[in-house]
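All ligand and atom numbering here is 1-based and tracks the order in the structure. What you see is a predicted model; the values in this text were computed from it and never measured.
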Amino acid sequence: KIEQRIDEVSLLSQKYPPVKFLSEKDRKRILITGGAGFVGSHLTDKLMMDGHEVTVVDNFFTGRKRNVEHWIGHENFELINHDVVEPLYIEVDQIYHLASPASPPNYMYNPIKTLKTNTIGTLNMLGLAKRVGARLLLASTSEVYGDPEVHPQNEEYWGHVNPIGPRACYDEGKRVAETMCYAYMKQEGVEVRVARIFNTFGSRMHMNDGRVVSNFILQALQGEPLTVRVPSRLFILCPFPHLLGNPEEHTILEFARLIKSLVVSRSQIQFLPEAQDDPQRRRPDIRKAKMMLGWEPVVPLEEGLNKTIQYFSRELEHQANNQYI
Ligand code: NAD
Ligand code: UDP
Ligand code: UDP
């Protein structure tokens with residue numbers, strides 16, 4: 001039996017990325033909602049390689065099976081096509097709740113669905129966390145600050161959101177999701193964590209995501225004009241709650257020039273009118289995250305951009321070869 005097990009393990013290690021062995025006591029059953037998306041699929045990789053059992057729940061609105069396909073069939077991995085707006089009954093130890101459209105064009109595409117996902121979807125995941133006694137982490141956003149009047153933004157600032165503007169479905173949806181987390185913590189004793197993520201980019205980001213980095217890279221690679229909206233905000237990449245982001249500040253125009261030069265592109269820079277309710281300036285104050293979590297960004301800006309550029313180039317090549325629909 002032991003020999004058969006060793007055979008199985010070595011077969012697995014050839015077919016899948018390397019996975020650490022964890023004893024049953026240390027191995028957690030982890031649910032990642034939105035796990036087929038950009039951030040969720042990288043989290044899936046990390047938790048799988050750490051040796052945990054990961055269940056990804058996704059409705060594939062913006063996520064893709066391709067982002068997690070390298071785990072399909074692994075005994076520690078499960079992929080469930082499910083919409084978090086519907087109740088979910090499974091047994092888990094931890095929940096990373098990421099399911100939500102994330103970029104402005106995606107969350108504005110169907111504002112009512114964005115609201116349902118962030119309100120009813122989060123309620124369902126908190127109900128699940130309560131029933132099974134799991135800890136839940138909510139992927140929140142810098143957008144809870146709206147167009148901030150305090151700079152840089154820290155955990156104590158309450159924000160400045162237009163409740164009926166075009167971004168409200170997402171901003172207010174995430175604000176109420178945070179409120180629900182703390183209500184379930186106080187009233188029901190559910191262990192919760194909230195991470196307010198700032199604009200993040202990298203491989204597996206959807207090319208038509210519509211955010212600044214994906215737009216500029218795609219435009220630069222295709223020789224199209226880089227669309228800088230003016231006046232455009234000072235831009236920060238990638239904190240609690242905790243604020244997770246890079247405290248380096250750049251203007252959007254600096255970004256456009258940098259991406260253009262990294263791609264070695266002949267694209268022009270085109271100035272477009274400002275979008276409604278676009279936050280003018282954002283920058284996370286990460287002192288608390290650094291002190292309490294030991295967290296700080298480790299990938300330098302240009303390295304991150306170069307990796308994303310490489311990923312996008314490969315995607316375009318695959319598309320040209322009609323390898324993906
Ligand atoms: P993404 O669009 O790549 O991933 C979101 C995933 O959620 C997708 O796989 C999508 O199909 C899935 N999803 C959406 N609605 C769902 C539903 N009703 N039921 C089940 N699955 C659903 O976006 P991302 O950038 O990976 O964002 C992940 C999380 O992080 C989101 O909650 C987002 O709000 C948050 N966030 C991201 C950023 C960023 O810059 N990427 C910044 C702040 C916050
Ligand atoms: N829920 C779920 N999975 C579970 C437990 C609950 O999806 O394992 C949903 C359930 O449908 C409910 C929501 O979570 O609508 C909130 O659950 P809670 O127990 O707090 O509320 P109640 O069911 O008492 O209204
Ligand atoms: N932006 C831009 N051109 C684009 C896309 C975005 O100038 O093609 C600007 C946008 O107006 C905003 C900033 O870039 O000031 C970041 O916007 P993004 O849509 O990336 O994400 P957000 O941080 O608003 O979710």
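At a heavy-atom cutoff of 4.0 Å, ligand 3 is contacted by the side chain of Glu143 but not by its backbone. Of the heavy atoms in Asn199, only side-chain atoms (C-beta onward) come closer than 4.0 Å to ligand 3. Heavy atoms from both the backbone and the side chain of Thr200 come within less than 4.0 Å of ligand 1. At a 4.0 Å heavy-atom cut-off, ligand 3 touches Thr227 through backbone and side chain alike.
Close approach of ligand 1 to Gly37 (heavy-atom distance below 4.0 Å) involves ligand atoms 3 (O), 4 (O), 8 (C), 9 (O). The ligand atoms of ligand 1 that sit less than 4.0 angstrom from a heavy atom of Phe60 are 11 (O).
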Once you restrict both partners to nitrogen or oxygen, which atoms of ligand 2 have a protein partner under 3.5 Å, and how far apart are they?
| unit_1 | atom_1 | unit_2 | atom_2 | d |
| --- | --- | --- | --- | --- |
| ligand 2 | 3 (N) | Leu88 | O | 2.7 |
| ligand 2 | 7 (O) | Leu88 | N | 2.9 |
| ligand 2 | 8 (O) | Arg131 | NE | 2.6 |
| ligand 2 | 8 (O) | Arg131 | NH2 | 3.1 |
| ligand 2 | 19 (O) | Lys130 | NZ | 3.0 |
| ligand 2 | 20 (O) | Lys130 | NZ | 3.3 |
| ligand 2 | 20 (O) | Tyr184 | OH | 2.5 |

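In this structure, Arg167 has a heavy atom closer than 4.0 Å to ligand 3.
In terms of protein heavy atoms, atom 26 (O) of ligand 1 is closest to Val39 N, 2.8 Å. Of all protein heavy atoms, the one lying nearest to atom 12 (C) of ligand 1 is Asp58 OD1, 3.4 Å. Counting protein heavy atoms only, atom 1 (P) of ligand 1 is closest to Thr62 OG1, 3.6 Å. The protein atom (non-hydrogen) at minimum distance from atom 37 (C) of ligand 1 is Ala102 CB, 4.1 Å.
Phe216 pairs by the ring-ring contact (aromatic ring centres under 6.0 Å, His included) definition with nothing, not counting sequence neighbours.
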